[in-house]
Amino acid sequence: MPPLDAKAKIALELNGEPVEVAFAPHKTLLEVLREDLGLTGTKHGCELGECGTCAVLVDARPVLSCLVLGLACAGRRVKTVEGMAEGGRLHPLQDAFAELGAAQCGYCTPAFLLAAGALLAENRRPTRDQIKQALAGNLCRCTGYIKIYEAVELAAARMRGEKAQPARETLYGYP
Amino acid sequence: MLRLPSFTYLQPSTLAEAWRMKADAGPDGAFVAGGTDLYPNMKRRQQEPKVVISLMGIPELAGCEMRDAGCVVGPCITLSELSILPSFRRSYPAVAHAAELVSTPLLRNMGTLGGNLCLDTRCNYYDQTYEWRKAIDFCMKKDGKICWVAPSSPRCWAVSSSDVAPVMVAIGAEFRLVGPKGERVMPAGRLYANDGINYLTKHPDEILAEVRLPAPDGWDAVYHKLRRRGSFDFPVLGVAAWIDWDGADIADARIVLGGVASWPQEVAEGGTTLKGTDLSDEAIARAADAAYRPAKPLDNTDFDLSWRKQMTRVYVKTALEELRERRRSTRKPS
Amino acid sequence: MATRRKTAADRPPDRLTAAFRVVGKALRKVDATAKVVGATKFADDVALPRMLYAKLLRSPHPHARILGIDPSRAAALAGVKAVLTGKDLPIPFGILPVSQDEHALAPDKVRFVGDPVAAVAAVSEETASAALDLIHVTYEPLRPVTDATDAVTHPEPRIHDYGDGGNLHKLIDLEFGDVAEGFAAADLVREDLLFFEGSTHLPMEQHAAVADWSPDGKLTLWSSTQTPHYVHRALAKVLELSPAKIRVIATPNGGGFGGKSDPFSHEIVVAKLAMLTGRPVKITLTREEVFYCHRGRHPALMWVKTGVKRDGAITAMHFKSLLDGGGYGSYGVASTYYTGALQTVTYHVPRYKFQGARAFTNKPPCGPKRGHGTPQPRFALEVHLDKIAEQLGMDPAELRLKHLVPPNSLTANWLRIGSMGLGPCIRKVVAGSGWKEKFRKLPHGKGIGLACSSYITGAGLAIYWNPMPHSGVQLKCDRGGGVTVFCGSTEIGQGSDSILAVIVAEVLGVDPFDIAIVTGDTDLTPVDLGSYSSRVTLMTGNAAIQAAERARDIIARHAARKLELPAERLAFAERRVFDVENPARGLSFADAVQLAEAAEGTVGTVGSYTPPASPGRYRGAGVGPSPAYSYSACVAEVDVDPATGIVRVPRIFIAHDVGRSINAATVMGQIEGSVYMGLGEALMEEMAYRGNRNVVHKIPSLLEYKSPTTLEMCDVVTYVVEDPDPNGPFGAKECGQGPLLPVPPAVANAVYDAVGVRIDVVPITPEKVFKALRRKAKGEEPRFGPTAFPDIPWPDPTRVPPPWEGGDGKAVPLTPGASPGLDGARIPGHAPGVRDR
């Protein structure tokens, strides 16, 4: 068994930039991101693949960073929530989540944003059911998911170039 | 945070390299594909390999090839890839459906076909952390002597919880296993043993190298899954039903249950009772009854065991009804 | 109701009727951007140089004496910096003064599988974990108590040596009027037995804490706590430090729901470890450990008996509850009172008797989960009323509407009702759901059910007795026009930081995003008691209004002088201070602040809030009073598969009387989230233990504890009803807990409508529906539910005459044979209640 302090080193593309990082070789991508790269935007809720809170994109696919070895990410493209906003401007999904209150405690939010981003990259006009299916691996205890769906739909519309605004009942309820 | 224990991670790029690494590691070595089964188990100290050998970098274990005689799928294809491949979905909808019912979209982006087929048997006395298992003085599957599900039993009753395996057994798929001493091809059902601990007949050095599916001609299959939630959850009951049609009648049929035994449980009587029928209500009821009797769920998964047993009848019935419906809709005169 | 001449006191204050610029709009939360970019620092995101990692060794026994602990091998492991056992932290603590029954590490006895016994600080979490295996503990197992009924029948061995006898922690017997007389006057008397299974909060964030000890004797603790003030007190007590030397920083909570409201072992342990090692120490619980922290919903067995007139008017109600408390007190005494407190605040109950019991059992302790002690009795009551309505041949919505508690009244148990919007709530969901066209008219397998509820907007009393305010706000105006608001409240996702910003922005006429919010830091912020019992909007809101109005007065004084106007003519809006009659005439807010600062020095103010005294003055009257009660009505649609018993809920209609929306978007989110959690409890969530296997938690994982996913969550049609309450800031009442309450009974009632079976237990799982359907098919009682309530040695009742029977809110002395009641003819079954004095 190698001693804990014998670190392995890999190079990867992280949020669009080349990065080298050294870490204990048994560490998962979750631990490497949070502890060795200081990117604490990626959260964790179980470390067993049972909640989706730790989702990040590896090669543009949302995966559970708690079950990906850091070593398996050599040469891969990793994207975390910290890489979503560009040039000081929120990604439309981030903007819509903030606008509608789709982030309550905000703990599951980074994973939802990345999973939703992967969905919109493949499907510019997802139905409500497709959104539910795509986000069925992410648990949220605060929102009941509804504001999350509405935020994804709002962001999708804006990303298609539509001047979409939230419905009145989304923000104020039914009359 | 729950963390992995320290281990050596190896990434071979050929089968030969993988075997050599496994031989060097001996019993302390384990193969891994997607890791969605092994790593949680390692975090809970259910499995404690010192050397973990990834199969994901071996090209011949990847991919999916449609041939005249069927389809050959590499076991390292992820469940997501498999379920969205248009040609595969068209030819093997039951397999694709089973694959897309596994856990969550996130997990399916990592978990592989081979991983699901070799999924460790599950039990809620076993799928617990080291500390939890210590509080019940462990169980025979790991660190202990007794099966808490059936304390007087000499065997382990952990449950086969794969969604894809029952379908593979039902449709008559074959598995090609390769090892340092050669290779063998076996019917899917032969990979499994009804024992919670030794649930695979695969030698530890062998690698599942190919999944061979029969050509999609004349037969049809479905998979129905029972679980609490529409995602995350393992099956507490899976029903794979396969029918080889001869005109309007059934030439052959198989019903295989997941989640009720330590292996995918084929209900032979359920299949034979369907033969020669046109899947009438009576035939379906007889088959459902035949499946109900041997189904033996125990108190080690979600839900009450007697209800799970009752559901066998209901789910076999709806699975067969779906097959009949599909037959009718495809045979409608144009 | 008799009309009176309007007096000045009847006129609502301006705050209730004024037009608002900011209040009531749908605004981004002030912390929303940080949350969507991943910048919010939760407790586990705190990392300090040289930080050590702590792990807790937990008991593998449900009930055992500790005969000895040998930590020497662990202490000798390379990388281990300190090991603690119970003797290092001998002072007990607990959230309630009456239940100081916890130790950071069990000194002599363990009371559940998971009870912390020892702790290690090491250079890595892996090393700390490895060290736990080297700690040798010798136990002498004792007979475990597996559930509340077991506790009743097995007083020995006792889990604690205090309480109300044997393994009963708390017994309550309260009587408000002669219920026997009330039942005698009824046309129908019905009894029901129901059970509400325990559930847990399951915040996505696992509890974490980081402690830092400075050589100057100062301790800092960052923790995912909803109650930094109470943690502050517990640390001072257990560590024997001056509170002045302790700083508790509540990091934003990644979900709380009540589960982070107790001071916890792990918080004290990291503090002690930091003191011993002189290095920062972090602990992050695993998901399994979060299940052991728990403090969630008490499993509650309930018996309810109600007498009604033919028109549904209640003549009397008798309610009994038996709670499975787990191994420690936690908030349990309050929880037990809460199972009997709010039955009276929705429909008029002229005579009421409550008997409540809490048992100690060898399981993780229960405490407050969203709705604290009230979802269980609300489930019982609303299902019970559904059955009564059917027996009377009444529409259950009509029955409820006919007998609503009037606004501005007192209840039998002396709770003061202010605004009361349940009527409009019922009408909204009835109309929106098409109730009248659907109820008892849908095809077999489809059903619709209705239930209502009410919840407190903050508790009238603090957890420990003291005459001080419940919430304090400090406010500072900057020369540049910015404002900083300091408050001890804790952001747990409910939006409390934003509430402060919106309220101060409304009063001072600035933009909410001009306001910096500093919260949850015992060094920097005035005390707020914490984010529990739905108290924060009302209490911090009122404190913030007071602070902001005081600042406005200062600023107005000097702006008025400059503008040569009376201060009363000044308005604050759009970052300006101006003449209401001639808006062009004015100053910028920043200029006005500068004038004030030049004249009087730094513009800083404080505000605070103390709830009004409760009219109830009997022992036990401390639980239930609130400055204001929110109201909810719910209609659930269900699909029940008769072949399997599987219940799906496609849609829920919910109307909630929030008094006044402060931030409309947040209100929507709280209501939808409450429906979600209620749905989970209705259908699938349960804390299951293996009583025959060492009372281990059966499923301490996110996989097997079933939290609804996107695929189970229903559509929600929300109606926000605003019936402003004079006690609320701008009239606001709570919305974060109340809307959970009616969901389980509405689903249960809908299941009955769909397939004709009564499931008198939550969660309503397919097994239970299936069994009830089989019973129905066999001609047996079409029901699944408990069948007996155990005999409990109730104490002599505390008798308190209700307001309409001449009481003064105090208990009357026990005089055998004497009834404080009135004669039968005068039983105020139809009384509209008594106007508050």
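Proteins get letters first, then strands, A, B, ... in listed order; numbering begins at 1 in each. Computed from a predicted model, the values in this text were never measured in an experiment.
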Practice item. State, yes or no, whether a side-chain contact exists between F42(C) and K43(A) at a heavy-atom distance under 4.5 Å. Key: yes
Review point. Using non-hydrogen atoms only, which part of L90(A) is less than 4.5 Å away from chain C: side chain, backbone, both, or neither?
Key: side chain
Check your understanding: Highest number of heavy-atom pairs under 4.5 Å with chain A: which of T33(C), D45(C), I671(C), T718(C)?
Key -> D45(C)
**Study point:** Interface residue of largest heavy-atom contact number with chain A, from T709(C), I654(C), D31(C), N663(C), under 4.5 Å
**Key:** T709(C)
Exercise for review: Check Y174(A) against V717(C) and note the closest heavy-atom contact, atom names and distance.
Suggested key: CD1-CG1, 3.5 Å
Check your understanding: To the nearest 0.5 Å, what is the distance between NZ (K35(C)) and CD (Q94(A))?
Key -> 15.0 Å
Exercise for review: Kindly indicate whether the side chain of M668(C), heavy atoms from C-beta on, has any atom under 4.5 Å from the side chain of E169(A).
Suggested key: no
Point to revise | Interface moiety of T40(C) toward chain A, non-hydrogen atoms closer than 4.5 Å | key: backbone
Review point. Going by distance alone, is a donor N or O of one side chain under 3.5 Å from an acceptor N or O of the other, for E205(C) and H44(A)?
Key: no
Check your understanding: Could you state the interatomic distance from OH (Y107(A)) to OG (S224(C)), rounded to the nearest 0.5 Å?
Key -> 8.5 Å
Exercise for review: Take E50(A) and K706(C) through the test salt bridge (charged side-chain N to carboxylate O under 4.0 Å, His left out) and record every step on the way to the result.
Suggested key: CA-CA 11 Å; E50(A) 300 173 351; K706(C) 304 299 182 184; over 6 Å; no
Check your understanding: chain C heavy atoms under 4.5 Å from T109(A): which part of the residue, side chain, backbone, both or neither?
Key -> side chain
Practice item. Could you check which of V720(C), V37(C), V721(C), I492(C) has the highest count of heavy-atom pairs closer than 4.5 Å to chain A? Key: V37(C)
Review point. Given a strict heavy-atom distance threshold of 4.5 Å, which part of H91(A) is in contact with chain C: side chain, backbone, both, or neither?
Key: neither
Review point. Which bit of S701(C) is near chain A, if near means a heavy-atom gap under 4.5 Å: side chain, backbone, both or neither?
Key: both
Point to revise | Region of D95(A) that comes under 4.5 Å of a non-hydrogen atom in chain C | key: both
Check your understanding: Going through the checks in order, is the salt bridge (charged side-chain N to carboxylate O under 4.0 Å, His left out) test met by E672(C) and K147(A)?
Key -> CA-CA 9 Å; E672(C) 289 166 1; K147(A) 288 286 164 281; 2.8 Å; yes
Review point. Contact part of L135(A) toward chain C, heavy-atom cut-off under 4.5 Å: side chain, backbone, both or neither?
Key: both
Review point. Do D44(C) and R34(A) meet the salt-bridge criterion of a basic N to acidic O distance under 4.0 Å?
Key: yes
Point to revise | Top contributor to chain C interface from C140(A), P110(A), G49(A), G52(A) [non-hydrogen pairs under 4.5 Å] | key: C140(A)
Review point. If you count the non-hydrogen atoms of other residues, nucleotides and ligands that lie under 6.0 Å from CD in E162(A), is the total more than 12?
Key: yes
Practice item. Search all heavy atoms of L171(A) against all heavy atoms of A26(C) and return the closest pair with its distance. Key: CB-CB, 3.6 Å
Review point. For chain C, which of A103(A), C142(A), C51(A), P166(A) has the most heavy-atom pairs under 4.5 Å?
Key: C142(A)
Review point. Which heavy-atom pair separates V36(C) from F97(A) by the least distance, and what is that distance?
Key: CG1-CB, 3.7 Å
Point to revise | Contacting moiety of A47(C), where chain A heavy atoms sit under 4.5 Å | key: neither
Practice item. First locate atom SG of C105(A), then atom CZ of F257(C), and finally report the distance between them rounded to the nearest 0.5 Å. Key: 6.0 Å
Point to revise | Among the listed options E712(C), M677(C), E704(C), the residue most often paired with chain A at heavy-atom distances under 4.5 Å | key: M677(C)
Check your understanding: Below 4.0 angstrom, N of the basic side chain to O of the carboxylate: do K282(C) and E35(A) qualify?
Key -> no
Review point. With a 4.5 Å limit on heavy-atom distance, are the side chains of Q104(A) and K29(C) in contact?
Key: yes
Point to revise | Spacing of CG belonging to L48(A) relative to CG belonging to L703(C), to within rounding of 0.5 Å | key: 9.0 Å
Study note, to complete from the structure: If one checks every heavy atom of L202(C) against chain A at 4.5 Å, the contacting part turns out to be both
Study note, to complete from the structure: The interface call for Q670(C) against chain A, heavy-atom contacts under 4.5 Å, is both
Check your understanding: Using non-hydrogen atoms only, which part of V675(C) is less than 4.5 Å away from chain A: side chain, backbone, both, or neither?
Key -> neither
**Study point:** Whether over 12 other heavy atoms sit under 6.0 Å from R648(C) CZ
**Key:** no
Practice item. Go through the atoms of N253(C) and report whether side chain, backbone, both or neither lie under 4.5 Å from a heavy atom of chain A. Key: backbone
Point to revise | Minimum heavy-atom distance between M204(C) and T53(A), given as atom pair plus value | key: CE-OG1, 3.3 Å
Point to revise | Engaged part of T42(A) at the chain C interface, taking heavy atoms whose separation is under 4.5 Å | key: neither
Revision key, fill the gap. Pair count under 4.5 Å, heavy atoms only, with chain C: among L93(A), T170(A), I146(A), highest is I146(A)
Practice item. Can you tell which part of P175(A) gets under 4.5 Å to a heavy atom of chain C, answering side chain, backbone, both or neither? Key: backbone
**Study point:** Donor-acceptor contact below 3.5 Å, side chain R287(C) vs main chain G45(A)
**Key:** yes
Review point. Hey, is the main chain of T710(C) close enough, under 3.5 Å, to the side chain of Y149(A) for a donor-acceptor pair?
Key: yes
Revision key, fill the gap. The interface call for K25(C) against chain A, heavy-atom contacts under 4.5 Å, is both
Check your understanding: How far apart are the closest heavy atoms of T40(A) and K41(C), and which atoms are they?
Key -> OG1-NZ, 3.0 Å
Study note, to complete from the structure: Answer key: most heavy-atom pairs under 4.5 Å with chain C among A85(A), G101(A), G137(A), A136(A) is A136(A)
**Study point:** Under 3.5 Å donor-acceptor, R141(A) side chain and G255(C) backbone
**Key:** no
